[in-house]
Amino acid sequence: MSKVFGSGNTACAMAVKDADVDFVAAYPITPQTAVAEKIAAYIAQGIMDANYLPVESEHSAASAIAAASAVGARVFTATASQGLLYMHEILHYAAGGRLPLVMANVNRAVNMPWCLYADHQDAVSQRDTGWIQLFAASNQEIYDSILLAFKVAEEVQIPVMINYDGFLVSHSMMPFETLDENKIKEYLPPYDPSWRLHPQWGGTFGNVTFSEQYVPYRESLTRDVKRAGELIIRCAREFEELTGRWHGGYFDVYRPEDASFFLLSMGSMGKEMELAVDLLRQEGIPAAGLRLRVFCPFPKEELSALLPTGTNLLVFDRNLVYGSAAGVLLQESRAALYDRRDEIRIAGISVGLGGEDLPASLLADKAREMIQEVKK
Amino acid sequence: MKIKDLSTLEYITPGTGACAGCPSTIGLRIIGKALGENAIGFLTPSCAVASMGLTPQTCYTFPALNICFASAGASAGGAAMALDALYRKGKLQGEKPVVFNWVGDGGTYDIGFQGLSGSAERNDDYIHFCYNNEAYSNTGNQRSGATPQFALTTTSPTGKEIGQKNMPLLMLEHRPPYVATASLAYPMDLYRKVEKAKNITGFRYIEIHMPCCTSWRFPAADTIKMSKLAVRTGAWLLWEGEYGKLTLNGVTASLAEGRRKPAPLENYLKPQGRFSTMFKSPDKDKHLAFIEYNIHRELEFMAGRAKLLK
Ligand SMILES: Cc1ncc(C[n+]2csc(CCOP(=O)(O)OP(=O)(O)O)c2C)c(N)n1
Ligand SMILES: [Mg+2]
């Protein structure tokens, strides 16, 4: 174990280096670029034993790692914003093909107009691709989540995306700890695929189907995405036993004691929210923070379990569902809590779009506004 | 070597969903005999995928993965490079399989062009086969960048206004280790080229001309006859090239050197229903002369290109 003082992108690249990855394909885009560069450098320096394909686009990056995964390699790519949108076709393909890809997405606003800063529109637009999506809020959490992602992806054979906010996290220097090789081996055994596109295995994959075949594929994918939620928690617990590091389960919960206002958000905003909770608590408002770490599969039951009868959920989305007042988290939360609509009041807003600064004071102001709304 | 001496290995089992007279299946049989059993293939959406059988059935005996339409360059390149890593790291033992693409003109000339160009420039290690039937046949005969001028397709309903691009030459100009064109009418030339490509490392591109009786509208029994006429008229050129150096082959070389006269163009075009509008047009003779002029021009251009590097 060594202590590093580095950026979120460094934490990401170092985890990939340490995870015995065989193949990486990546294409640069702000604010992800340093990940693509650092991994290329590690391989060139001989401190990472993998092959690197410097592709000409993100569609190709995703196509390359999907095929590389099919021949049995442990694979990785990283992207952001337009790059993620450009991969969309292959995201569906990889999840349907049950290929355990791991990708980092450095959350950034989407064109047009151009905007380089933190925003979750890129990731939430991929909600229905069948990928597991995690959101990390610190460099340590990025490092640890990448290792967890490979473990989860390979066990359920579903691709995993680790999200972290552009600049706010990707470019912030923070201390973090890596993990020794022997501990990583214990946590993340070598990838042993159940099939390979290879003459030793044979077979043709992805042939045409009618609904009789298509439906069972889809049913097994949705069942296993759901199952992956429990697996994520189990793997996080295992990691905690091994390292003592714990970032939360489905949620990183802050000051839930006697709370009646739960402030739900994702990414770096969820960390800032802790300060907002402190501000509100100082005023005697019983607030708590819920930082969602597992966006897909959305933890419906677990959210409900956190909210006692008579409490209120205040949702902060860093994305927009166009034509509606707020974003995807609000929709998901309302759906999750529909059966308890008489017990729990919900309000939501979209904030922080395009990297809009979100100091705790502003988040607290927004919370107070929503508290007025739910009290009506 | 004679055709009857070729391996008995078959890449396709009987009972495929392909049309009678399908050139893609003929081509796959020949390349399979050259590539052998230690190979894996990628297929993009096309007739070759639509006709392979419904899950869980397949007519292909080689390990195959169906990929997305624009993915050929990156997927084959990524798989080949990942295999290198797996063998180097001892995660796989034995001989690395040959990686190949079996992709139509749509997946090569059009939607897959960027990915292939990037891949050729990077010198990724696989063989890209373009089976060029000069249209999107699978979706019911729409125009592609390989559709010749005046040909009717459902998206060029009055005849295509412009000719095809010279895709194999574009690939050669990436300076990869090997680029070749081939024809089903000259199977041993195709076989030789695949054998040669198989023993080269890096990006290799082989484009096979594939007269498609369904899209072009000629009798199913005439696939090979049309293939031969395409070469003899000069409408399809046979050549190969290494690192940008180009050599004309066989009939094409004879045509270029004037040792042989081109077969009459009408023999090739008239039986194809896709040129019926052109043949009925009052400008028929003008159009035919223009096609002939372009064939001659292309042949002269390629002969000149062949002289550039010794
Ligand atoms: C991204 C995308 N766009 C369109 C299609 C629909 N499509 C399937 S096959 C095909 C044409 C294939 O043409 P070609 O590559 O020439 O192969 P052929 O059908 O002629 O064998 C098209 C347009 C698709 N599968 N994917
Ligand atoms: Mg075609």
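In what follows, chains are A, B, ... by sequence order, proteins preceding strands, each numbered from 1. Side chains are part of it too, since the values below use all heavy atoms of this structure and drop only hydrogens, waters and symmetry mates.
- For B:Asn66 against A:Gly206, the heavy-atom pair with the smallest separation is ND2-O, 2.9 Å.
- Between the side chain of B:Asn38 and the backbone N or O of A:Pro199 there is no donor-acceptor pair closer than 3.5 Å.
- The part of A:Phe23 that comes within reach of chain B is its side chain, from C-beta onward, which places non-hydrogen atoms under 4.5 angstrom from that chain.
- The CG atom of A:Asp22 lies 10.5 Å from the CG atom of B:Leu83; values are rounded to the nearest 0.5 Å.
- Within the 4.5 angstrom heavy-atom criterion, only backbone atoms of B:Phe62 (N, CA, C, O) approach chain A.
- Taking non-hydrogen atoms and a 4.5 Å limit, the residue list of residues 70-77 of chain B in contact with chain A, ordered by number, reads B:Ala70, B:Ser71, B:Ala74, B:Ser75, B:Gly77.
- For the options A:Phe205, A:Tyr191, A:Trp201, heavy-atom pairs under 4.5 Å to chain B are most numerous at A:Phe205.
- The OG1 atom of A:Thr204 sits 10.5 Å away from the CD atom of B:Gln57 when rounded to the nearest 0.5 Å.
- Ranked by heavy-atom pairs under 4.5 Å with chain B, the first of A:Pro54, A:Ser63, A:Ala61 is A:Ser63.
- Other residues, nucleotides and ligands contribute more than 12 heavy atoms inside 6.0 Å of the CD atom of A:Gln45.
- Other residues, nucleotides and ligands contribute only 12 or fewer heavy atoms inside 6.0 Å of the NZ atom of A:Lys185.
- Listed for the B:Thr55 side chain is a donor-acceptor partner under 3.5 Å among the backbone atoms of A:Val208.
- Using a 4.5 Å cut-off between heavy atoms, B:Leu43 does not touch chain A at all.
- Put simply, the side chain of A:Glu212 does not reach to within 4.5 Å of the side chain of B:Leu54, judged on heavy atoms.
- The heavy-atom pair separating B:Arg122 from A:Leu53 by the smallest distance is NE-CD1, 3.6 Å.
- At a 4.5 Å heavy-atom cutoff, the contact between A:Ala50 and chain B is made by backbone atoms alone.
- At a 4.5 Å heavy-atom cutoff, the contact between B:Ile67 and chain A is made by backbone and side-chain atoms alike.
- With respect to chain A, the highest number of heavy-atom pairs below 4.5 Å among B:Ala80, B:Pro97, B:Ala64 belongs to B:Ala64.
- Annotation: B:Arg175, atom CZ; neighbour count of heavy atoms from other residues, nucleotides and ligands within 6.0 Å is above 12.
- Heavy-atom contacts from other residues, nucleotides or ligands closer than 6.0 Å to CD of A:Gln82 number more than 12.
- The interface of residues 106-119 of chain B with chain A, defined by heavy-atom distances below 4.5 Å, comprises B:Gln114, B:Gly115, B:Gly118.
- A:Asp192 does not touch chain B: none of its heavy atoms, backbone or side chain, sits under 4.5 Å away.
- Chosen from A:Arg74, A:His59, A:Gln200, A:His198, the residue pairing most often with chain B at heavy-atom distances under 4.5 Å is A:His198.
- Rounding to the nearest 0.5 Å places CG of B:Leu65 at 7.5 Å from CG of A:Leu99.
- Only the backbone of A:Tyr52 comes within less than 4.5 Å of a heavy atom in chain B; its side chain stays farther off.
- To the nearest 0.5 Å, atoms CZ (A:Arg196) and CG (B:Leu86) are separated by 6.0 Å.
- When heavy atoms are compared at a cutoff of 4.5 Å, B:Ala39 approaches chain A solely by way of its backbone atoms N, CA, C and O.
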